[in-house]
Enquirer: 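Please find one structure pasted underneath; my questions will follow.
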Amino acid sequence: MFRRREPVPFAFIAEAEKFRSNVTPPPRERVSKGQRVGSTLMGLTVVAGLVGALLVGTPALSPEQSVQHQKSEASEGR
């Protein structure tokens, strides 16, 4: 009914450890002051926009806001 599988030899994994490269990647470039200031200002702008949107949108989401129906002058004469 069930066929027995052959065991998988894991010798290739042990051999792969021998062939690790000794070449190191080049060092990262240092970020200049201008790039650091620019990214900081961009982050602050995004955060300020989110906070501003939250402050402006919060009153519209409050449940105690009553809906006022406006009547037009044309409907008063009926």
Side-chain angles (χ1 to χ4, degrees):
M1 182 161 24
F2 293 107
R3 291 179 36 188
R4 196 168 192 179
R5 294 184 179 185
E6 296 181 21
V8 178
F10 291 100
F12 62 91
I13 295 175
E15 285 183 23
E17 293 294 323
K18 289 189 238 177
F19 300 110
R20 291 223 175 208
S21 175
N22 60 356
V23 177
T24 58
R28 289 186 175 181
E29 288 186 25
R30 297 192 66 154
V31 180
S32 69
K33 274 189 178 181
Q35 288 175 333
R36 186 173 293 154
V37 169
S39 63
T40 302
L41 286 176
M42 181 61 74
L44 287 174
T45 303
V46 169
V47 170
L50 291 173
V51 169
L54 184 66
L55 290 175
V56 169
T58 302
L61 296 174
S62 63
E64 65 261 0
Q65 173 110 7
S66 64
V67 178
Q68 298 176 353
H69 296 285
Q70 295 180 352
K71 293 183 178 180
S72 66
E73 291 180 19
S75 66
E76 286 179 11
R78 292 187 179 180

Enquirer: State the CG-CG distance between Leu50 and Leu55, to the nearest 0.5 angstrom.
Expert: 11.0 Å

Enquirer: I'd like to check Leu54 versus Thr58 (side-chain heavy atoms, cut-off strictly below 4.5 Å). Are they in contact?
Expert: yes

Enquirer: Within this structure, what is the CD-CE distance for the pair Gln35 and Met42, rounded to the nearest 0.5 Å?
Expert: 13.0 Å

